[in-house]
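One structure is given below, encoded as structure tokens.
For clarity, every value in this text was computed on a predicted model and none was experimentally measured. By convention in this document, chain letters (A, B, ...) are assigned in the order of the sequence lines, proteins followed by strands, and residues within each chain are numbered from 1.
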Amino acid sequence: MGEKVEVSFYLLDIVFKQKENRPALCLYGKTSSGKKICIVEENFLPYFYAEPIEIEDRERLKKELLALKVPFKEGDAVIHSVEEIEKKLLGSKKSLLKIFALAPSYIPFLKRELDAHPKIKKCYEFDISFIYRYLIDKNILPLALLHATGEWIPEKSKVPVFLAKSITPTEETTSDLQIMAFDIETYSKTKVFQPEKNPILMIALYGKDFRKVLTWKKYSTQLDYVEFAENEKEMLIRFKDLLKEHLPDLLIGYHSDGFDFPYIKTRAEIHNVDMDLGLDYSDLTIGRSSSSACIAGLPHIDLLRFIRHNLRTLETETFTLNAVASEILGEKKKEVDIDALSLVWDGEAEKLDQYCEYNLHDAHLTYQLAQRILPHMIELSGLVGLPLFDINRVSSSRLVENFIMRRMGQFKELIPAKPSYHENQERRSLTYEGAYVHEPKPGFYRNVAVFDFRSLYPTIITAHNISPYTFHCSCCKDKGLVPDTQYWFCREKDGILPSLLEELILRRIRVKEMLKSDKNNLLLQARSESIKLLSNSFYGYLAFFGARWYSLESALSITSYGRHYISQVIAKAQEAGFDIIYADTDSVFINLNERKTEDASEFVQEINKKLPGFMELDYEDTYKTGIFVAVKKGHAGAKKKYALFSESRNKLKIRGFETIRKNWSKLAKEVQQKVLEILLKEENKEKAFDYVRKIIFDIQTKKIPLKKMIISTHIQKSIESYEAVGPHVAVARRMQEKGIPMGPGSIVKFIITSGEGMLRNRARPPEEVKEGDYDAEYYINNQIVPAVNSILSVVGYTEEDLLKSNEQSDLS
DNA sequence: TTTTTGCGGGG
DNA sequence: GTGTACGCAAAAA
């Protein structure tokens with residue numbers, strides 16, 4: 001003890017702790033041999049800037065400030081020290097006072113006091129979280145290798161604690177992380193989860209060379225990974241101890257912010273068990289409204305949150321573990337009757353094996369998903385400098401913001417404050433014109449060429465130097481305005497945001513270049529994706545009401561340029577004799593008619609010759625066939641709703657047809673898909689029409705199996721509180737009468753049966769319906785016709801044609 | 001058309 | 001906690 005030593009470690013997590021007289025940062029990390037340690041940094045103080053009114057007597061002002069006492073809780077918030085410093089605000093120099101304090105929580109109080117101080121004009125950078133401030137100022141990246149000198153100190157902790165005298169960052173980072181995935185199963189006889197009432201039955205853990213399912217119902221099993229606890233309380237304690245024993249670098253769950261951890265916390269409170277999972281024995285905390293489960297020193301990753309926010313490239317519409325795992329891993333959840341778990345638990349414990357397997361399999365899927373997704377999170381973390389815990393949870397606007405904040409130092413520019421509540425409200429209420437959408441003429445088309453601008457908004461920002469820093473400069477007023485506005489941006493000096501964005505675009509070009517010779521390099525792919533995600537978020541960021549660098553003028557100018565360029569392409573295409581079918585934001589759909597693709601290619605090249613900066617029009621593809629439909633009422637073309645067939649890729653591109661959703665029967669979805677396929681791939685409208693006629697005939701003659709007729713709907717509120725009793729509510733009430741509780745969140749599956757009277761009296765749960773006993777009329781008129789009507793009317797069939805009585809014999 | 005509510009994910 | 005952190009779509013008004 002007491003001897004000066006050196007340690008090197010990779011930074012995994014960072015936690016702030018207010019010590020008696022000083023703020024401390026606990027840097028949790030692992031050494032190159034994988035050992036976990038905690039390095040305490042006490043040499044960094046929180047601060048903000050204050051701009052004095054006159055440059056009169058600085059020394060006197062400093063003394064005055066140092067003597068200030070601002071009431072704070074039981075004591076006083078005081079200023080620890082003051083330094084003089086130069087910074088820029090929108091390019092103009094400011095000489096400022098850097099005000100240090102001994103606690104981050106003093107900062108808002110001191111700031112408020114100085115705002116009211118007669119000798120202080122304005123305060124800056126008072127709303128940057130202490131941890132980010134530290135990472136930014138010390139230029140430390142998460143997962144970076146750090147060297148520290150200091151000494152080991154005794155402290156209550158699950159890992160050795162080291163008090164640092166100095167910390168030096170390096171450029172080296174690690175991506176080799178030991179992860180542990182977990183999942184719980186709970187008692188519930190309905191869809192409604194009641195952690196206050198119903199216990200946790202199982203907890204699965206899956207790590208490298210480690211798998212375990214904890215449960216507390218003893219039954220005979222051959223599964224070597226099942227471990228029994230006396231009761232739920234002992235199981236929770238065992239879970240805690242296993243984490244302490246294994247100390248993974250990251251703990252991974254799926255919807256664990258919103259479900260598993262809140263559930264665990266509630267159950268632990270009931271049993272009076274401390275959920276002191278933190279490496280410093282601090283409790284698991286659940287953030288209130290944006291609910292995130294946080295463990296000191298052990299970053300908790302909820303994959304669902306990252307996937308929902310930042311992995312929108314997935315095809316899937318829903319983000320259930322099953323859907324996401326089958327798309328990313330090609331593997332599904334284990335099929336068990338989860339509804340029966342509680343009954344089995346109560347009465348047939350010998351059948352619990354399948355649920356233990358199910359539980360472990362979910363943890364395993366989560367583990368595998370983490371292996372795929374972590375490279376993306378790690379790349380993003382390195383790019384914008386946010387720790388993995390935050391990368392997991394922030395929106396793309398905050399990614400952009402942190403990226404910019406980190407780079408502000410090099411420009412010596414001040415970081416603007418977050419908007420006040422009032423500004424926020426004001427910004428929310430402002431709207432402006434968005435992208436251009438050209439209304440399509442409904443119809444069936446052949447040879448549809450699609451052009452689109454590659455990264456339209458990012459390239460507009462860089463090509464036209466759009467940013468709050470270049471807005472209305474004094475030098476370029478007479479050099480031209482943004483189309484359809486009175487605004488201009490500097491043409492002489494590079495704006496900070498456009499130059500950062502340009503750097504990103506160039507970096508991505510380099511990464512893509514490297515990928516050409518190393519196609520399967522997942523890390524490079526993740527890097528390219530991360531840069532793309534960040535670049536594409538700049539425009540949205542400028543228009544985001546909560547942004548520090550909010551600039552309505554910039555956002556509005558970007559969309560204005562966007563409309564300008566797309567309209568230009570449309571006009572020139574028409575000049576060149578092409579017919580425009582449709583256009584939306586950054587893409588134009590052209591009817592090639594008898595023209596060759598070479599003509600279109602040439603046209604695109606001509607356009608590209610005149611585009612500034614990185615702007616570029618891509619010839620995306622030529623689609624063999626395409627359908628654009630009309631809006632429900634009227635003859636106008638529906639926007640953002642079309643289907644195209646790419647012969648070269650042998651793939652349908654279907655957009656905006658919304659029947660791929662709930663409360664449509666499987667049959668309706670199937671029929672819609674099939675009709676589009678026949679029309680686009682086979683170009684046989686008679687066959688499509690006959691197909692639908694055949695389906696209608698089959699419905700009438702009761703040949704369709706019941707399971708395709710099931711409609712599922714979500715129950716929104718308690719069954720009693722519905723005033724309008726729709727079919728789903730009626731069915732839910734019947735189920736409840738039969739002893740199956742129904743509440744918000746329950747999914748009701750029902751079939752409309754034949755007979756007279758109101759729908760709600762004819763809706764039945766599928767198990768009560770005999771094969772063939774569905775209401776043919778209802779399914780034809782409310783499911784099939786709406787699904788295909790707009791499509792078939794494009795090729796000349798009306799609703800009446802579809803519903804004409806089935807006398808022709810060729811159909812049967 | 002504008003405002004309010006409530007789901008998503010999880011068993 | 002360098003406070004006051006969702007976002008969208010359907011239902012209701």
For atom [atom1], what is the distance between [N] and [M], given to the nearest Å?
N     : M     : atom1 : value
C:dG1 : C:dA5 : P     : 12 Å
C:dC8 : C:dT4 : C1'   : 23 Å
B:dG9 : C:dG7 : P     : 16 Å

Within the structure shown, what part of the strands sits under 4.0 Å from [X] by heavy-atom distance: base, sugar-phosphate, or nothing?
X        : answer
A:Ile184 : sugar-phosphate
A:Arg393 : nothing
A:Asn359 : nothing
A:Ser105 : base
A:Leu321 : sugar-phosphate
A:Tyr47  : base
A:Lys73  : base

**Prompt:** Could one point to a donor on the side chain of A:Asp339 or the base of B:dG11 with an acceptor on the other under 3.5 Å away?
**Reply:** yes
**Message:** Let's test your reading of the model: under 3.5 Å, does the base of B:dG11 pair with the side chain of A:Ser188 as donor and acceptor?
**Reply:** yes
How many whole angstroms separate atom [atom1] of [X] from atom [atom2] of [N]?
X        : N      : atom1 : atom2 : answer
A:Ile203 : B:dG10 : CD1   : P     : 18 Å
A:His309 : C:dG7  : NE2   : C1'   : 8 Å
A:Phe259 : B:dC7  : CZ    : P     : 16 Å
A:Phe193 : B:dG6  : CZ    : P     : 19 Å
A:Phe306 : B:dG9  : CZ    : P     : 17 Å
A:Leu304 : B:dG11 : CG    : P     : 11 Å
A:Glu232 : B:dG11 : CD    : P     : 16 Å
A:Phe261 : B:dG11 : CZ    : P     : 15 Å

Between [options], which one does the side chain of [X] approach most closely?
X        : options               : value
A:Tyr254 : B:dG10, C:dT2, B:dG11 : B:dG10
A:Phe319 : B:dG9, C:dT2, C:dG3   : B:dG9
A:Leu341 : C:dT2, B:dG9, B:dG11  : B:dG11
A:Lys418 : C:dT4, B:dG11, B:dG9  : C:dT4
A:Arg308 : C:dG1, C:dT2, B:dG9   : B:dG9

**Fill in**
Residue set satisfying side chain to side chain contact (heavy atoms under 4.5 Å, CB included) with A:Ser420, at least two apart, ordered chain then number -> A:His422, A:Glu423
**Item:** Qualifying residues under side-chain hydrogen bond (donor to acceptor under 3.5 Å, both in side chains), relative to A:Tyr541, sequence neighbours excluded
**Value:** A:Glu401
**Fill in**
Applying side-chain hydrogen bond (donor to acceptor under 3.5 Å, both in side chains) to A:His80 and not counting sequence neighbours gives none
**Asked** Quick one: salt bridge (Lys or Arg N to Asp or Glu O under 4.0 Å) partners of A:Glu357, sequence neighbours excluded?
**Response** A:Lys334
**Request:** Scan for side-chain hydrogen bond (donor to acceptor under 3.5 Å, both in side chains) pairs involving residues 41-50 of chain A, sequence neighbours excluded, and state none if there are none.
**Result:** A:Lys19-A:Glu42, A:Glu41-A:Tyr134, A:Tyr47-A:Arg133, A:Tyr47-A:Asp137
Inspect the contact between [Y] and [X] and indicate whether a charged nitrogen and a carboxylate oxygen are less than 4.0 angstrom apart.
X        : Y        : value
A:Lys640 : A:Asp584 : yes
A:Asp280 : A:Lys17  : yes
A:Arg548 : A:Asp127 : yes

**Message:** Pick the closest DNA chain C nucleotide for A:Phe72 and for A:Phe545 by heavy atoms, then say which residue is nearer the 5' end.
**Reply:** A:Phe72
**Message:** Angle between ring planes, A:Trp216 versus A:Trp345, binned at 30° and 60°: parallel, tilted or perpendicular?
**Reply:** perpendicular
**Request:** Ignoring backbone atoms, test whether A:Lys197 places a side-chain nitrogen or oxygen under 4.0 Å from the OP1 or OP2 oxygen of B:dG11.
**Result:** no
**Item:** DNA chain C contacts made by residues 14-27 of chain A, counting heavy atoms under 4.0 Å
**Value:** none
